Amino acid sequence: MTGSPAGSPTEILDADACWQYLRSSYIGRLAVINGEIPEIFPVNFSVSGDTLFFRTAPGTKLRALLRGAVAALEVDGLNPYATEVWSVVAKGRPEPFDETRMSLPAIDADREPWEAGIKDHLIAISPTELTGRRFAVTPPTRWWPPVDFAADWL
């Protein structure tokens with residue numbers, strides 16, 4: 001564990017723990033660069049081996065993905081008691097699914113997309129960088145009530 005600036009212990013996750021958390025989840029935020037502007041989209045994803053898969057429809061996200069720039073997928077979660085949280089970020093170059101060298105994840109009937117519509121484009125990301133951290137939730141008494149910044153602006 002390493003110490004965070006606020007003093008609460010933060011555990012840096014190894015790759016195995018990161019993959020374990022990714023496999024336990026199916027909703028994340030995909031960050032892409034659209035021209036010079038960062039864009040973030042919620043996505044439903046699946047994991048097969050060391051590859052992340054998700055479907056998308058034509059539009060801003062697909063155009064940005066097919067330009068070949070690095071994308072990032074962030075996935076967060078918490079334990080059942082909401083006393084510990086984790087965050088994993090996977091970075092890599094997205095590419096269209098290629099059945100000659102990739103295997104699809106098993107279909108999971110529980111995983112429905114949040115947004116309706118046909119999503120004909122299957123995209124794969126094999127992360128070249130995988131980072132994660134886990135830490136205890138700070139009690140609200142440590143950060144609430146909010147600081148009144150208005151006095152500082154006068």
Side-chain angles (χ1 to χ4, degrees), residues 2 4-6 8 10-138 140 143-144 146-147 149:
T2 61
S4 70
S8 69
T10 298
E11 180 182 0
I12 304 303
L13 302 175
D14 64 18
D16 288 338
C18 289
W19 280 113
Q20 181 180 359
Y21 281 125
L22 288 171
R23 286 184 181 94
S24 73
S25 301
Y26 66 97
I27 297 171
R29 286 165 305 285
L30 179 73
V32 298
I33 300 298
N34 179 25
E36 294 183 17
I37 300 170
E39 303 273 0
I40 300 174
F41 301 93
V43 294
N44 301 95
F45 70 94
S46 292
V47 178
S48 180
D50 61 355
T51 304
L52 304 163
F53 293 94
F54 58 92
R55 290 191 172 278
T56 190
T60 302
K61 181 182 355 168
L62 182 61
R63 282 191 305 274
L65 289 166
L66 295 179
R67 287 190 181 114
V70 172
L73 179 72
E74 179 184 31
V75 182
D76 303 308
L78 62 154
N79 70 359
Y81 305 105
T83 57
E84 186 177 79
V85 297
W86 56 268
S87 180
V88 172
V89 176
K91 298 176 187 174
R93 295 203 184 279
E95 60 182 320
F97 174 73
D98 179 352
E99 64 186 35
T100 63
R101 55 186 188 77
M102 298 176 183
S103 60
L104 280 174
I107 302 299
D108 187 340
D110 295 354
R111 297 187 182 180
E112 296 285 334
W114 283 358
E115 184 178 26
I118 297 172
K119 296 171 176 34
D120 287 338
H121 301 274
L122 183 59
I123 303 295
I125 298 177
S126 296
T128 54
E129 184 179 339
L130 191 60
T131 59
R133 60 192 187 125
R134 178 174 47 216
F135 53 91
V137 174
T138 302
W143 52 266
W144 194 259
V147 176
F149 292 109

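Please read all numbers here as calculations on a predicted model, not as lab measurements.
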Considering all heavy atoms of both residues, which atom of [X] and which atom of [Y] are nearest to each other, and what is their separation?
X	Y	result
D14	A17	OD1-N, 2.8 Å
F54	V43	CD1-CG1, 4.3 Å
A90	L52	CB-CD1, 3.7 Å

Test side chain to side chain contact (heavy atoms under 4.5 Å, CB included) on F135 and V85; report intermediate values, then the result.
CA-CA 6 Å; F135 53 91; V85 297; 3.3 Å; yes

**OP:** Tell me, yes or no, whether the heavy-atom count around I40 atom CD1, taken from other residues, nucleotides or ligands under 6.0 Å, exceeds 12.
**Re:** no

In terms of heavy-atom contacts, does CD of E84 have more than 12 from other residues, nucleotides or ligands at under 6.0 Å?
yes

About how many Å separate [atom2] of [Y] and [atom1] of [X], when rounded to the nearest 0.5 Å?
X	Y	atom1	atom2	answer
I123	F53	CD1	CZ	10.5 Å
S24	W19	OG	CH2	12.5 Å
R133	E11	CZ	CD	12.0 Å
Q20	S25	CD	OG	10.5 Å

Open item on the list: In the structure I gave you, are the side-chain heavy atoms of P96 and H121 within less than 4.5 Å of one another anywhere?
Closed with: no

Distance-only donor-acceptor hits, side chain of residues 60-70, under 3.5 Å, sequence neighbours excluded:
from	atom 1	to	atom 2	distance (Å)
T60	OG1	R63	NH2	3.4
K61	NZ	T56	OG1	3.4
R67	NH1	N34	OD1	3.4

| query | Could you walk me through whether L130 and L22 pass the side chain to side chain contact (heavy atoms under 4.5 Å, CB included) check? | reply | CA-CA 10 Å; L130 191 60; L22 288 171; 3.8 Å; yes

Name every donor-acceptor pair, under 3.5 Å, that has one atom in a side chain of residues 71-78 and the other anywhere in the protein, sequence neighbours excluded.
from	atom 1	to	atom 2	distance (Å)
E74	OE1	R29	NH2	3.4
E74	OE2	S87	OG	3.2
D76	OD1	S87	OG	2.6
D76	OD2	R29	NH2	2.1

The complete set of salt bridge (charged side-chain N to carboxylate O under 4.0 Å, His left out) pairs with one or both residues in residues 120-131, sequence neighbours excluded, reads K91-E129

Using the rule given for side chain to side chain contact (heavy atoms under 4.5 Å, CB included), can you reason through F45 versus L30, listing the C-alpha separation, both sets of side-chain angles and the distance that settles it, and then say yes or no?
CA-CA 10 Å; F45 70 94; L30 179 73; over 6 Å; no

Take N79 and W86 through the test side chain to side chain contact (heavy atoms under 4.5 Å, CB included) and record every step on the way to the result.
-> CA-CA 9 Å; N79 70 359; W86 56 268; over 6 Å; no

